[in-house]
Structure formats: structure tokens, C-alpha cells
Amino acid sequence: MEALFPYLLPYLILTQWFIRLTPNKSNASSRFKLFFKTYGISALGGFPTGAATITYLKKSNQISLREANILLSICHSPSPLFVLGFVGNDLLNDTAFSWKFLILYHVVSIIILTGAYYYCRREKEGNFISAIPSSNQTNPFTSSIKDSIPTVLVVGSTIIFFTTIYTVVMHSVKSFFPEIHNTFMLLIAAMLEMTNALKIGQELFANQPTLLFVILVTFLTSQSLSIHMQVAVIAKSEKLSLKPYIFMRLCYTLLIPTLFYLLFL
């Protein structure tokens with residue numbers, strides 16, 4: 001929580017400001033750039049910046065509801081600062097794993113995003129660009145601040161809630177079942193809070209690098225209820241469907257660890 005506001009809030013403001021300053025044009029080239037610009041923002045900022053950006057694009061009628069639902073399922077990835085810093089440096093003392101994971105994850109995502117773009121091109125392209133006159137629009141930077149603060153509050157509240165739940169559940173399980181296997185504790189941690197699960201996984205399987213890498217990739221890809229709840233709350237503001245998001249998370253959880261094992265282990 002100490003690093004949340006200094007890092008996440010400025011990034012959200014800058015990305016929201018950037019996307020507001022970009023001119024919107026109703027042509028195929030512009031919409032192609034919009035899709036990949038949205039993905040680039042989410043890839044650099046990590047979750048939930050993708051969800052926040054997509055809800056803004058939907059709110060301003062730059063993308064359709066179907067496009068928003070599809071983009072929400074694809075523009076969702078862990079921050080490279082987290083993967084390289086916490087996982088690579090702090091847990092493994094080696095960033096080779098982190099680079100391999102990021103490259104694989106984003107290559108797969110870009111391939112899926114390209115397919116999604118051509119799928120969405122069947123819609124008439126001129127219908128989703130904001131028609132709000134520029135004279136009625138507020139200052140882009142001011143709007144970016146106003147729209148970013150609620151997102152950070154949602155993220156902070158969710159982290160506090162699930163961190164508390166994680167602490168209570170883990171303590172209760174250990175109290176009632178003192179002989180419980182560490183694997184079950186790991187699964188409980190992975191379900192509730194990803195960061196703690198990564199740390200526990202590294203402690204349990206430090207001497208089994210192949211299994212450790214598969215576990216880390218799986219947790220980084222599937223994330224946790226804490227992260228999915230953040231996305232759900234943000235998406236709800238524009239009534240986005242979570243079905244494509246859930247389906248894609250399941251596909252990623254099966255595909256990315258499998259490809260990582262086949263290519264790198």
C-alpha cells in the first residue's frame with residue numbers, strides 16, 4: 001500500500017491524459033492504432049490500468065460495447081516493473097525468467113489482439129467515435145485526475161480487503177488444521193492474493209527450479225481474486241460483460257504455462 005499511490009496514481013493520470021490528447025478518427029488505421037495503444041498502456045502499467053483505459057474509451061464512445069468486452073479480456077497483464085523487480089530481482093535474483101515470461105505473454109496477447117481487431121472490423125467504424133464538441137469538453141489533464149482517483153481508491157480498497165482476508169484465513173487454517181500440507185496453503189494464498197502466493201511458492205520450491213518456474217508462470221497468468229475483483233468493479237461502471245474476461249483468463253492459464261514449459265524448460 002505504501003507504494004500504491006506514488007506509482008499507480010501518476011501513471012493512471014498520465015495514460016488517461018495521453019489517450020485524451022490523441023485525436024480520434026473514424027478510419028481503419030486509426031482504430032488499429034487505438035487497439036494497440038490501449039494494449040500498450042495496459043502492458044506498461046499492469047492491471048488494472050487496462051480496465052480503466054477501456055472503460056474511459058467506452059464511456060466516451062470511442063469503442064463499442066462488444067469491442068470493450070473483448071479488449072477487457074486481452075488488455076490485462078502484470079506490470080513489467082513487478083515481474084522484473086519483485087519476481088526477478090527479489091524472489092529469483094535473476095531476471096532471465098521474467099524476460100522470458102514477459103516476451104511470451106505479450107507475443108501471445110498481441111497475436112490474439114490482432115485477431116480481435118479483424119473480428120471487430122465487421123462493425124461500422126464511424127459509429128463509435130465521440131461526437132462531443134471540443135468546446136464542451138473539460139481540460140484533458142483535469143479530467144484525467146478526476147477519473148484516475150476513483151480507480152486508485154478501488155484498487156487500494158480491494159488490496160486492503162483481500163490482504164485482511166488473506167491474513168485471517170491463513171491464520172485460521174493453521175490454527176484449526178496445524179498439520180495441513182504446505183501445498184494447500186499455497187493454493188489458498190494463490191486464490192486470494194497473488195504476491196503472497198508467489199513468495200510462498202518460491203520458499204517451498206526453491207530447490208526445484210522447473211516446478212518453481214511453472215508455478216510462478218501459472219500464478220502470474222491466473223492472478224488472484226484480489227486482482228479480478230478490481231477489474232470487475234471498474235468494468236461495472238460501464239456495464240461491461242465479464243464473460244469474455246473470465247474465458248480468456250482460463251485460456252491464458254492453460255496456454256501460457258504450457259508454452260513456457262515447452263519453450264524454456
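Numbering starts at 1 and runs along the sequence shown.
No single ILVMFWY cluster, assembled from side-chain heavy atoms under 4.5 Å apart, contains both Leu254 and Leu265. Val168 is not connected to Phe176 by any chain of hydrophobic side-chain contacts under 4.5 Å among Ile, Leu, Val, Met, Phe, Trp and Tyr, and they are in different clusters. Cluster annotation: Phe247 is not connected to Phe47 through the hydrophobic network of ILVMFWY side chains, with a link wherever side-chain heavy atoms come within less than 4.5 Å. Cluster membership for Leu187 and Val173, using ILVMFWY side-chain heavy atoms within less than 4.5 angstrom, is not shared.
Contact between Ser77 and Ala43 at its shortest, heavy atoms only, is OG-CA, 3.5 Å. Scanning both residues, Pro244 and Ser73, for their nearest heavy atoms gives O-CB, 3.3 Å. Residues Ala235 and Thr55 come closest through the heavy atom pair CA-CG2, 4.0 Å. Shown here for Val231 and Ala51, the closest heavy-atom pair between the two residues is CG1-CB, 4.2 Å. Across Ser79 and Gly45, no two heavy atoms sit closer than the pair CB-O, 3.7 Å.
The backbone N or O of Val154 sits nowhere less than 3.5 Å from a side-chain atom of Ser157 that would complete a donor-acceptor pair. Remark: the backbone N or O of Ile234 is paired with a side-chain donor or acceptor of Ser237 at under 3.5 angstrom. Under a 3.5 Å cut-off, the side chain of Glu67 and the backbone N or O of Ser64 do form a donor-acceptor pair. At distances below 3.5 Å, at least one donor-acceptor pair connects side-chain atoms of Ser98 with backbone N or O atoms of Val83.
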Would you sort out whether Tyr119 and Arg66 count as a side chain to side chain contact (heavy atoms under 4.5 Å, CB included), showing the intermediate values? CA-CA 10 Å; Tyr119 173 76; Arg66 184 175 71 169; 3.7 Å; yes
What verdict does the side chain to side chain contact (heavy atoms under 4.5 Å, CB included) test give for Ile227 and Arg249, after you've listed the backbone C-alpha separation in whole Å, the side-chain angles of each residue and the deciding distance to 0.1 Å? CA-CA 12 Å; Ile227 294 167; Arg249 297 282 67 74; over 6 Å; no
Applying side chain to side chain contact (heavy atoms under 4.5 Å, CB included) to Thr53 and Cys75, what does each step give before you reach the verdict? CA-CA 9 Å; Thr53 302; Cys75 299; over 6 Å; no
I'd like to know whether Ile256 forms a side chain to side chain contact (heavy atoms under 4.5 Å, CB included) with Thr218, so could you lay out the CA-CA distance, the side-chain angles of the two residues, the decisive distance to 0.1 Å, and finally the verdict. CA-CA 8 Å; Ile256 299 297; Thr218 302; over 6 Å; no
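Cation-pi geometry between Arg31 and Phe35 is not met: the NZ or CZ atom fails to fall both under 6.0 Å from the ring centre and inside 45° of the normal.
Within the 4.5 Å cutoff, no side-chain heavy atoms of Phe264 are placed close to those of Leu259. Counting only heavy atoms from C-beta outward, the side chains of Leu72 and Glu238 never approach each other to under 4.5 Å. Residues Cys120 and Ile70 form a side-chain contact, since some pair of their non-hydrogen atoms from C-beta on lies under 4.5 Å apart. In this structure, Phe82 and Leu220 have side chains that are in contact, with non-hydrogen atoms separated by less than 4.5 Å. No side-chain heavy atom of Ser224 sits less than 4.5 Å from a side-chain heavy atom of Leu192. Two residues are said to be in side-chain contact when any heavy atoms from C-beta on lie closer than 4.5 Å; Leu92 and Val87 meet this criterion. Considering only heavy atoms from C-beta on, Leu204 stays 4.5 Å or farther from Ile215 through its side chain.
For the side-chain hydrogen bond (donor to acceptor under 3.5 Å, both in side chains) condition, the pairs that include at least one residue of residues 168-181, sequence neighbours left out, are His181-Thr183.
Within 6.0 Å of atom CG in Asn207, 12 or fewer heavy atoms from other residues, nucleotides or ligands are found, so the atom counts as exposed in its surroundings. Within a 6.0 Å radius of CE in Met229, no more than 12 heavy atoms belonging to other residues, nucleotides or ligands are found.
Shown here are the side-chain contact (heavy atoms from CB on, under 4.5 Å) partners of Glu203, two or more places apart in sequence or in another chain: Lys199.
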In a table with atom names and distances, give each donor-acceptor pair under 3.5 Å that connects a side chain of residues 100-112 to protein atoms at least two apart or in another chain.
residue	atom	partner	partner atom	Å
Tyr105	OH	His76	O	2.6
His106	ND1	Tyr39	OH	2.5
Ser109	OG	Tyr105	O	2.9
Ser109	OG	Tyr252	OH	2.8

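Taking CG of Leu186 as the start and CZ of Phe205 as the end, the distance is 6.0 Å to the nearest 0.5 Å. Separating the CG atom in Leu211 from the OH atom in Tyr261 is a distance of 10.5 Å, to the nearest 0.5 Å. Between the CD atom in Glu193 and the OG1 atom in Thr158 there is a gap of 11.5 Å [rounded to 0.5 Å]. The CD1 atom of Ile160 sits 12.5 Å away from atom CD1 of Ile165, with the distance rounded to the nearest 0.5 Å. Taken from OH in Tyr117 to CG in Leu34, the straight-line distance is 10.0 Å, to the nearest 0.5 Å. Annotation: the span from Met248 atom CE to Asn69 atom CG amounts to 11.5 Å, rounded to 0.5 Å.
Just one residue in the list Thr195, Leu225, Asn196 forms a side chain to side chain contact (heavy atoms under 4.5 Å, CB included) with Tyr166, and that residue is Asn196.
Ring geometry for Phe97 against Phe213 counts as parallel: the plane angle stays under 30°, on a 0 to 90° scale with 60° as the upper cut.
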